[in-house]
Engineer: 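Pasting a structure below so you can have a look.
Small disclaimer: the values here were computed from a predicted structure and weren't measured. Ligands are counted one by one from 1 in listed order, and the atoms in each one are counted from 1 as well.
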Amino acid sequence: MSFSRQVGTGLLLCSAILAGCGERAASTDAKAETQGAETAAQAGGDVSAWPKLEPALPKDPAVEARVDELMAQMSLEEKVGQMIQAEIKYVTPEDVKKYHLGSVLNGGGSYPDNDKFATPQDWLALSEAFFEASMDTSDGGTAIPIIWGSDAVHGHNNIVGATLYPHNIGLGAARDPELIRRIGEATAREVAVTGVDWTFAPTVAVVRDDRWGRTYESYSEDPAVVKAYAEAMVKGLQGEKNDDDFLRGENLVATAKHWIGDGGTMRGIDRGDNQVPEKELAEVHAAGYFGALPAGVQTVMASFNSWNGDRLHGHKHLLTDVLKERLGFDGFVVGDWNGHKFVPGCTVDSCAAAINAGLDMFMVPSDWKELYKNTLAQAQSGEIPMARIDDAVRRILRVKVRAGLFEHQRPLAGKDGILGSDEHRALAREAVRKSLVLLKNNDQLLPLKPTQNILVAGDGADNLSKQSGGWTISWQGTGNTREDFPGATSIFEGIEAAVEGAGGEALLSEQGEFAADSFANGEKPDVAIVVFGEEPYAEWHGDLSSLEYQLATKKDLALLKKLKSQGIPVVSVFLSGRVLWVNKEMNASDAFVAAWLPGSEGAGVADVLFTDADGNVRYEFTGTLPFSWPEEVHQTVLNPYHKNYEPLFELGYGLQYGQESLVSNELTEDGETYTDGALEDAWMLVSRPRAPWQLQIAEADRAPVVMAGNRAVSGDDENIIVASIDMESQEDARQIQWKGLRGGSVTLAAEKPQDLSRYLKEGAALSFDVRVDSKPEQPVSAAVACGEDCVAELPLQNALQSLETGEWSKLSIDLQCFVDKGADFSQVSNALALSTEGQLSLAVANIKYVPNAAEDAEIRCQG
Ligand code: BGC
Ligand code: BGC
């Protein structure tokens, strides 16, 4: 079954961006097979794959003369300083003065003085202090204003009390570029209050594999939508090119990110490798730049990902030949968070290759001083040509002059009434209404009359964190409570207001419980609205190995079924950062609304779900799918360019009130048990434990301790300590310390035993990265458990002894070895358990079962 859109604008596909979208279907599909050959052919790159663009702004002689004049006064030290962006936790105004730093940023969840509740005045004061330091020439040098950047990606989301708009995926459902422009404008105003000059937005990724943890930062899988929105958002944030206040006053400097191909990495792995031909890079992944560049976007952020194995931060062809020359970009390229360190031959504090490739400013949060020194030395030695330094600095100064930073007029600075103002919240609420997509409405259950008994259930109903997602006050969007959202409205609060005003009654019960006398009229609920969905995440922490919703627990499904079994009609409101496989939940719902991540104005949901007291529709559903919705769990890359495009709901689908459409209650329920298709690596711990696996400390006769945050300990004596540490990126590894007071294990355990027998059949190995910090003193084992009384244990001590202490190594074990010790892979309850009775300290990362890897495993067994 596949539902296509029946009314309205129809599919918005492959419009006028570039010709040739039609044939793309085949090339995307055939990609995997032809990849090897193409990679070799493209190593140099081909600018003719790209259309030629003129610079967005004509050269302004006055601006260029001003830049020349400044450059003539600057020493090499000052120039290199301009190319450095440090993070506010690691840099002071004194440093800015001394090193003439060009920029600062605050990372996700970083605030002045490390105070989450820092006021707009505190932000502004710090910004003024940085500005003054940058203009202070008492030690000599040239006064160049600093530029402060922040991720205002759905409103000014690092500051408590700001208006939070729906994340980009929800905006994509609105198909309304003018709305996006207004959101850009309102966001710029809130940011300007706090003295921040620059936002790292919009993200213009065109997503291919929906398992990517940043899918919600993308407007759509449709390049045409991304292009139109990129243009509108840049105009909203920066103002129109010809306006007097372009980039100034109430406007900001914007960033198109992440150049390029971030949304097309294999398997949706964040920071991974994009392997498409250059033509497809230009036609699909660059779509947003064809909107943002002509609109005059002043900065572009280099991406963490690589293209055919080469990291973007070191990619001269794509940064210089394509972006700056072919596409006429005359602003500056900023790096992403230490992104330069992944370029071959580079480290976090030394990377001439990135500058030589065309990076203009390093984003180097903490290690900026060493990087500054090394870059200076590389400029002095000629490893970085002086012409390249001058070009980079000229670009940075050009943007600073254009943005009026020297004049330092900040008309909105300190006007904190603008943050979270009624006007902005009304706009966000409008955006929420327009972002909702009605997928199922059997028997026309919606709209609801507000005069009824309404039971509101689900852990998303009264949960501002969950409705706001990642990049909300903290980087991951976790760790927030109600107090962190002053002025915001939860979805339940919106429902309550709609219902109570009209004579109905709304009862909130997360578990969907009610009693005979719960409602004043003594009746049972007329309908249940269940709000559920994904927990917040950001970047790679959100990468999935399966699109199956709640693979581990299915607890929301149980809630839906419980309500249905009581004869209560069920409306599901699904909060998510991407399309997911929800057939089971869909089957158990009478109506199903995709609400994405709506942000601070949850009342927009009730605006659409409820009529007025007389039964008149107040707001129609107008949202349509920005992404194709999968019917089968393995449809992870699903879009209309595919030959075999068989989604459950097509791109652009969305019902309206009154529209007849019966969605079957018997959609296929074969989820991850479905065994066709290629077997991919099974991820157990990659950055974080992957559902259904949980990291636990297990000791005899004690309840297991689940690691929920970034540290877990067993017992008062802390016999075992597990802590998150960094291997390649933040918190992607776990350090485990056994004190040896008693025996104990650290396990990757699933609540419900998992059938992994296919991995055994396909010659898989258990593979992980390990770093031994202190050699084991007593036996250590690696085990797989398969339900009660089924444990297959292998000695691991010799393997660990042979590794170099303090160094990361890879270790893999043929699954057959566990079978020889009695493992039954059709019911795995612990994918890995590491145990010892002695003292031991080691770190692990990237724990997976990898098909066809047994033959090359370090620990092999013949079977
Ligand atoms: C920062 C984020 C950043 C992330 C990336 C976090 O610690 O707060 O702003 O995006 O690291 O590596
Ligand atoms: C992210 C960027 C972000 C930067 C600063 C990075 O980890 O990839 O999108 O702008 O951090 O927070």
Engineer: Can you find a non-hydrogen atom of Trp475 under 4.0 Å from ligand 2?
Structural biologist: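 No; Trp475 lies far enough from ligand 2 that no heavy-atom distance drops under 4.0 Å.
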Engineer: Check the side chains of Asp349 and Trp368 for a donor-acceptor pair under 3.5 angstrom, ignoring hydrogens and angles.
Structural biologist: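 Result is no, nothing qualifies.
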Engineer: Can Ser687 and Trp540 be counted as having a side-chain donor-acceptor contact under 3.5 angstrom?
Structural biologist: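 Per modelled atom types, Ser687 and Trp540 side chains form a pair under 3.5 Å.
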Engineer: Taking only heavy atoms of Phe200, which atoms of ligand 2 are found under 4.0 Å from at least one of them?
Structural biologist: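 Listed by number with element: 10 (O).
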Engineer: Looking at side-chain heavy atoms only, is the closest gap between Val204 and Lys227 below 4.5 Å?
Structural biologist: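 No, every pair of side-chain atoms sits at 4.5 Å or beyond.
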Engineer: For ligand 2, find out whether one of its N or O atoms is nearer than 3.5 Å to an N or O atom of Trp337.
Structural biologist: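 The answer is no, given that Trp337 and ligand 2 share no N or O pair closer than 3.5 Å.
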Engineer: Centroid-to-centroid, Trp148 to Phe200, below 6.0 Å?
Structural biologist: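 No - the distance between ring centres of Trp148 and Phe200 does not fall below the 6.0 Å cut-off.
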Engineer: May I ask you to list the atoms of ligand 2 that are less than 4.0 angstrom from any heavy atom of Asp336?
Structural biologist: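 Those of ligand 2 that fall under 4.0 Å from Asp336 are 1 (C), 2 (C), 3 (C), 4 (C), 6 (C), 7 (O), 8 (O), 11 (O).
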Engineer: Is there a polar contact between ligand 2 and Lys257, counting only N or O atoms under 3.5 Å apart?
Structural biologist: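 Between Lys257 and ligand 2, an N or O pair is found under 3.5 Å apart.
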Engineer: Any nitrogen or oxygen of Trp471, side chain or backbone, less than 3.5 Å from one on ligand 2?
Structural biologist: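 N/O-N/O distance under 3.5 Å: no.
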Engineer: I need the atoms of ligand 2 closer than 4.0 Å to a non-hydrogen atom of Asp151, numbered in the order shown.
Structural biologist: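 Under 4.0 Å from Asp151, ligand 2 has these atoms: 3 (C), 5 (C), 10 (O), 12 (O).
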Engineer: Just jot down the ligand 2 atoms closer than 4.0 angstrom to any heavy atom of Leu105, in number order.
Structural biologist: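 Contacts of ligand 2 toward Leu105, numbered from 1: 5 (C).
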Engineer: Report, in ascending order of atom number, the atoms of ligand 2 lying under 4.0 Å from any heavy atom of Arg214.
Structural biologist: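 Within the 4.0 Å cut-off of Arg214, ligand 2 contributes 1 (C), 2 (C), 8 (O), 9 (O).
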Engineer: Are the charged groups of Glu221 and Arg208 less than 4.0 angstrom apart, N to O?
Structural biologist: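 No, Glu221 and Arg208 are not salt-bridged.
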Engineer: If the cut-off is 4.0 Å to any non-hydrogen atom of His258, which atoms of ligand 2 fall inside it?
Structural biologist: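 Selected atoms, number and element: 2 (C), 8 (O), 9 (O).
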Engineer: Distance alone, cut at 3.5 Å: any donor-acceptor contact between the side chains of Gln82 and His100?
Structural biologist: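 His100 and Gln82 do not have a side-chain donor-acceptor pair below 3.5 Å.
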Engineer: Tell me yes or no: between the side chains of Asp769 and Asn846, is some donor less than 3.5 Å from an acceptor?
Structural biologist: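 On atom types as modelled, these side chains qualify, holding a pair under 3.5 Å.
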